[in-house]
Amino acid sequence: MPQWLCNQLIRAFRKKDRRQIKLLNECWYFYRNSPGEENSNAR
């Protein structure tokens, strides 16, 4: 998981911002399943 995404998720959980958490979760699944990112573990 990219560091920028991890930081935003932590911030959203601390603020208890459900909308932001859902959005970031969807971004993560889209990023993971995108065809250009074949199991790359760039952190």
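The structure displayed is predicted, hence computed values, not measured ones.
With rounding to the nearest 0.5 Å, the separation of CG in Leu24 from CD1 in Ile10 is 11.0 Å.
One hydrophobic cluster, built from ILVMFWY side chains closer than 4.5 Å, cannot hold both Leu5 and Leu23; they sit in different ones. Using a 4.5 Å cut-off between side-chain heavy atoms of Ile, Leu, Val, Met, Phe, Trp and Tyr, with links allowed through other members, Trp4 and Ile21 fall into the same hydrophobic cluster.
Sorted by first and then second residue, the side-chain hydrogen bond (donor to acceptor under 3.5 Å, both in side chains) pairs with a member in residues 10-26 form an empty list; sequence neighbours excluded.
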